[in-house]
Amino acid sequence: IDSINLQYVVAGSSDGALYVWDFQSGAVIRKIVGAHLGPMSSMCVFMRSNTLHAISCGDAMEMYCWNCITGEKVKHFTGHRFGKINCTTILDPQQQNKQNNNLSLVTKQAKATKSSSPLLLFSGGEDKSIRVWDVITTSSITRLDGHDDQVTDVAAYYQSSSHLAAKVAHNTNGDSTTPSTVGAMVTTNVMIVSGSRDGIVRTWDLHSGTTTHVLAGHLAPICSISYVFGIYPTVISCSTDGVVKTWNSITGKPMRSWAY
């Protein structure tokens, strides 16, 4: 289930259908029957040209992009090597800019490199990998490998300028963080977090495609992950071991944990 600007609520169902509601009235705007042949495993939404779109995945190695107003399938993503896709998330510069001030750094980097901020899709699945996609072209930008079991959740965020400054200060090699691109797209400031059935949470550098931190401490598969901006940019993870943990995303060190 996902929502955007408290205008719409979109949900994928075990019957393979996609439902769109008007948030204020509660009326069903659209029901897309047969979106998938089996239960949906994940979905995310974004707005383009004042039109709501949803990306969904289910019982196959494919994802579909839907126009939620007309019910039309407008895009098709394929590239995972085998098994089901478990999780998806969208990194939308337009939407992120409304939620925090981190996009100012993206804009500066885009001008410096004469590139644009992309609309990125992230997916994780049973093939143990995270895929990064350009939503507009549907091309696979890169694949992130490192987990020993299937990926159960993925999150992606723009890092703030203060976060990047702290990372530079923490870097014992003294390397500076400078604008970089994948193709023509600014990616240095994009942080990716993934959780897996191997019980590990990983943070990733999108430009190099490498793991920046291995957050180990859970004793069972990861259920869900999130990221919180604050004094210390924080990763939050939840596991079937009955524990919620928080981690400093700059140092990779554990902060607090709660049993439930």
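Here, residue 1 is the first one in the sequence, and each next residue gets the next number. Note that the structure is a prediction, hence the values are computed from the model and not measured. The analysis underlying the following values was restricted to heavy atoms, covering all of them including side chains, and did not include hydrogens, waters or symmetry mates.
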Would you mind reporting whether [Y] and [X] have side-chain heavy atoms less than 4.5 Å apart?
X: V135; Y: L120; value: no
X: V235; Y: K245; value: no
X: D134; Y: L119; value: no

What residues form a ring-ring contact (aromatic ring centres under 6.0 Å, His included) with H218, not counting sequence neighbours?
-> none
Return the [atom1] to [atom2] distance between [X] and [Y], rounded to the nearest 0.5 Å.
X: R202; Y: D145; atom1: CZ; atom2: CG; result: 10.0 Å
X: T138; Y: Y64; atom1: OG1; atom2: OH; result: 13.0 Å
X: E126; Y: R81; atom1: CD; atom2: CZ; result: 12.5 Å
X: K253; Y: W247; atom1: NZ; atom2: CH2; result: 10.5 Å
X: L121; Y: D92; atom1: CG; atom2: CG; result: 11.5 Å
X: H76; Y: I55; atom1: NE2; atom2: CD1; result: 12.0 Å

What do the steps show when you test H80 against R131 for side chain to side chain contact (heavy atoms under 4.5 Å, CB included), and what is the final call?
-> CA-CA 7 Å; H80 278 275; R131 290 268 182 174; 3.5 Å; yes
Flag if over 12 foreign heavy atoms under 6.0 Å of NZ, K128 = no
For the pair V10 and L18, evaluate side chain to side chain contact (heavy atoms under 4.5 Å, CB included) and give the outcome as yes or no after the intermediate values.
-> CA-CA 7 Å; V10 186; L18 194 69; 4.0 Å; yes
Which pair of non-hydrogen atoms, one from [X] and one from [Y], has the smallest distance, and what is that distance?
X: T251; Y: N248; answer: N-OD1, 3.2 Å
X: L91; Y: A156; answer: CD1-O, 3.5 Å
X: T234; Y: T246; answer: CG2-CB, 3.7 Å
X: T70; Y: N67; answer: N-OD1, 3.1 Å

Quiz item: cation-pi between K31 and Y19, 6.0 Å / 45° | no
Shared-cluster residues of I236, by chain and number - hydrophobic side chains joined below 4.5 Å = V228, V244, W258, Y260
Check: residues 38-47 side-chain donor-acceptor pairs under 3.5 Å, at least two apart:
| residue | atom | partner | partner atom | Å |
| --- | --- | --- | --- | --- |
| S41 | OG | C57 | O | 3.4 |
| S41 | OG | I85 | O | 2.5 |
| S42 | OG | T88 | N | 3.0 |
| S42 | OG | T88 | OG1 | 2.9 |

Polar contact flag, side-chain donor to acceptor under 3.5 angstrom, S196-T152 | no
Determine whether the side chains of S139 and T137 contain a donor N or O and an acceptor N or O closer than 3.5 Å.
-> yes
Taking the six-membered ring for Trp, are the ring centroids of Y157 and Y227 within less than 6.0 Å of each other?
-> yes
Please report the C-alpha distance between C68 and R30 in whole Å, then the side-chain angles of each, then the deciding distance to 0.1 Å, and finally whether the side chain to side chain contact (heavy atoms under 4.5 Å, CB included) criterion is met.
-> CA-CA 7 Å; C68 292; R30 174 68 59 181; 5.7 Å; no
Which residue, V151, V190, I90, forms the side chain to side chain contact (heavy atoms under 4.5 Å, CB included) with F122?
-> V190
Do I141 and V154 sit in the same hydrophobic cluster, where Ile, Leu, Val, Met, Phe, Trp and Tyr count as joined when their side-chain heavy atoms come under 4.5 Å apart?
-> yes
Would you call D153 and R197 a salt bridge, using N to O less than 4.0 angstrom?
-> no
